[in-house]
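Beneath this line is the structure, given in structure tokens, with notes to follow.
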Amino acid sequence: MTKLRMGIIGSGGIAQSRHIPSYQQLAEQVELFGVYDVDYERAKEASVLFNITNVYEQVSDMLKDVDAVTICTPNKFHADLAVQALEAGVHVLCEKPMAMSVEECDRMIEAEKESGKVLSIAYHYRFMKEPRAAHQVIQEGEIGDPMVARVQALRRRKVPGWGVFTNKQLQGGGSLIDYGCHFLDLSMWLMGNPKPVEVSGTTYNRLSKTPEQVNLWGAFDHETFDVDDHVTAYIKFDNNVSMLFETSWSANIAEDKESVSLSGSNGGLEVFPFQLNQAKYGMLLNSSSEWVPGDEDPGLPQAANFVNSCLGLEEPIVSSEEARTVSQVIEAIYESCATGKSVQL
């Protein structure tokens, strides 16, 4: 069997903690062929640490040698790098979010269509055990037609104090575009990918702009902080489906909270931890799971799906069109806050 030659673009934290180790576990199907980073020394260090043979000074040189790339750069560079790779006939797995804007997403999708190659986005929450179980239960019709989603992705005083997470120019936003995007993607996927039609949102960063921060994830400059640290939104979809959404890096709450709750026409469910809620046999029944199958590390099934998609053995679980919709909602939330009005899509 011919192995897929994989290139890594961007050798920072997410590449080293998730993507590279996952591909190493799929060594029968994929070869980690090369690595590139704007910081050449960091790329060399990653090549030594993970036994990657080739270190590249130019992305264009890597694209001549590989079959696929995984893009792990700041958001600002996602679109240009993905388009460059697709135009070179190379498959692309791009870290989330897909891009900085819907316009950039459209460029990526056009390049995907013209190339005939795979373009998928690394929304790894879809590959977690509980969401996969919830998706199967929904597909079996246990909750009927999804109607309302209640989504919270909240951290208590955990603004990332490393990397470029608080750099608006490089990232495009803060807690919403970095953390909340996962839960927008996950909840819309579970709901059957309805079409968003109206978005009303509010963003905050007052807490992170005050001095003498208590922050558990490193230090940051409160004077230059210019991204969102807390976001709320109400999203309407077609077929009379709606979502109540909230995300934060630094909420003043008792403890971190990740919650996705769906109410449907025949029942409802909670994703974390998994529970099915129904009214049957004249009773209110809450069904929890004693055991959920799947990998503890969502990076491995994510990598496997991408590799198999490139080899023509599967379809990507996260499509570029679905990832574009997430970016469309994010863009609309920011626009709604800026204008003080709901945004019609």
Side-chain angles (χ1 to χ4, degrees), residues 14 17-18 22 95-97 121-144 146-160 175-194 216-217 229-235 237 241-264 266-278 284-302 305 317-318 322-323 326 329-330:
I14 198 64
S17 65
R18 175 169 297 129
S22 296
E95 255 301 330
K96 57 76 193 168
I121 310 303
Y123 279 118
H124 72 268
Y125 272 72
R126 290 200 198 186
F127 296 88
M128 291 181 173
K129 295 192 300 181
E130 292 85 354
R132 295 177 83 171
H135 187 261
Q136 181 178 354
V137 167
I138 293 169
Q139 293 300 301
E140 294 292 336
E142 290 289 343
I143 74 167
M147 298 188 300
V148 178
R150 292 164 297 278
V151 182
Q152 289 186 305
L154 306 174
R155 292 173 179 157
R156 183 181 186 183
R157 299 292 186 131
K158 289 176 180 172
V159 176
S175 59
L176 173 60
I177 206 167
D178 165 60
Y179 181 40
C181 66
H182 278 301
F183 288 80
L184 284 172
D185 175 74
L186 174 57
S187 53
M188 288 193 289
W189 176 59
L190 292 174
M191 296 165 76
N193 295 305
L216 302 185
W217 280 6
D229 64 13
H230 202 137
V231 174
T232 60
Y234 179 66
I235 305 161
F237 300 88
V241 177
S242 61
M243 181 189 300
L244 304 165
F245 174 82
E246 182 182 16
T247 190
S248 179
W249 277 338
S250 56
N252 283 319
I253 54 177
E255 58 186 7
D256 296 355
K257 184 175 184 180
E258 293 187 346
S259 174
V260 176
S261 175
L262 299 185
S263 292
N266 296 336
L269 59 76
E270 321 296 323
V271 180
F272 303 111
F274 177 81
Q275 179 175 295
L276 177 63
N277 310 314
Q278 294 176 306
L284 296 179
L285 300 177
N286 296 339
S287 305
S288 60
S289 57
E290 291 295 327
W291 175 77
V292 178
D295 296 281
E296 293 297 332
D297 176 14
L300 182 57
Q302 175 178 257
N305 176 245
I317 288 177
V318 182
E322 291 165 356
V326 177
V329 172
I330 290 171

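As the structure is a computational prediction, the values presented were derived from the model and not from experiment. Heavy-atom basis, side chains included; hydrogens, waters and symmetry copies ignored. Position 1 is the first residue of the sequence, and the numbers go up from there.
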What pair of heavy atoms forms the shortest contact from Ser250 to Ser248, and how long is it?
N-OG, 2.9 Å
Show your reasoning for whether side chain to side chain donor-acceptor pair (under 3.5 Å) applies to Glu270 and Asn277.
CA-CA 8 Å; Glu270 321 296 323; Asn277 310 314; 3.1 Å; yes
Going by atom types only, do Ser263 and Arg150 share a side-chain donor-acceptor pair under 3.5 Å?
yes
When rounded to the nearest 0.5 Å, the distance separating CG of Leu176 from CG of Asp229 is 12.0 Å
Step-by-step side chain to side chain contact (heavy atoms under 4.5 Å, CB included) determination, Asn286 to Leu276:
CA-CA 6 Å; Asn286 296 339; Leu276 177 63; over 6 Å; no
Heavy-atom closest contact (Asn266 atom, Gly141 atom, distance)
ND2-O, 4.2 Å
Output yes when Lys129 and Asp295 qualify as a salt bridge under the 4.0 Å nitrogen-oxygen rule, no when they do not.
no
Run the side chain to side chain contact (heavy atoms under 4.5 Å, CB included) test on Val148 and Val241 for me, step by step, so that the C-alpha distance in whole Å, both residues' side-chain angles and the decisive distance to 0.1 Å come before the verdict.
CA-CA 6 Å; Val148 178; Val241 177; over 6 Å; no
To the nearest 0.5 Å, how far apart are OG in Ser259 and CZ in Phe183?
9.0 Å
On a heavy-atom basis, the closest approach of Met243 and Ser187 is CE-OG, 3.1 Å
Derivation of the side chain to side chain donor-acceptor pair (under 3.5 Å) call for Glu258 and Gln152
CA-CA 6 Å; Glu258 293 187 346; Gln152 289 186 305; over 6 Å; no
Go through the steps for Asp256 and Lys158 under the test side chain to side chain contact (heavy atoms under 4.5 Å, CB included), then give the verdict.
CA-CA 9 Å; Asp256 296 355; Lys158 289 176 180 172; 2.5 Å; yes
Between the side chain of Arg126 and the main-chain N/O of Trp189, is any donor-acceptor distance below 3.5 Å?
no
If you take the centroid of each ring, where Trp contributes its six-membered ring, are His230 and Trp249 closer together than 6.0 Å?
no
Between Arg156 and Ile253, is there a donor-acceptor pair closer than 3.5 Å when you use the side chain of the first and the backbone of the second?
yes
Face-on cation placement of Arg155 at Tyr179 ring, 6.0 Å and 45° thresholds:
yes
Might you point out which heavy atoms bring Asn193 and Glu322 nearest each other, and give the distance in Å?
ND2-OE2, 3.1 Å
Measure the CZ-OG distance between Phe274 and Ser288 for me, rounded to the nearest 0.5 Å.
9.5 Å
To the closest 0.5 Å, what do you measure between CZ (Arg132) and CG (Leu190)?
12.5 Å
Enter the distance from Phe127:CZ to Ser22:OG here, rounded to the nearest 0.5 Å.
11.0 Å
Could you pull out the closest heavy-atom pair between Pro146 and Ile143, with the gap in Å?
CG-CD1, 4.3 Å
Closest non-hydrogen contact found for Lys96 with Ile121 is CA-CG2, 3.9 Å
Please report the interatomic distance CG(Leu184) to CZ(Phe245), rounded to the nearest 0.5 Å.
4.0 Å
Sub-4.5 Å side-chain heavy-atom contact between Glu246 and Val151:
no
Working for side chain to side chain contact (heavy atoms under 4.5 Å, CB included), residues Cys181 and Ile330
CA-CA 7 Å; Cys181 66; Ile330 290 171; 3.7 Å; yes
Take the angle between the ring planes of Tyr125 and His182 and call it parallel below 30°, perpendicular above 60°, tilted in between.
tilted
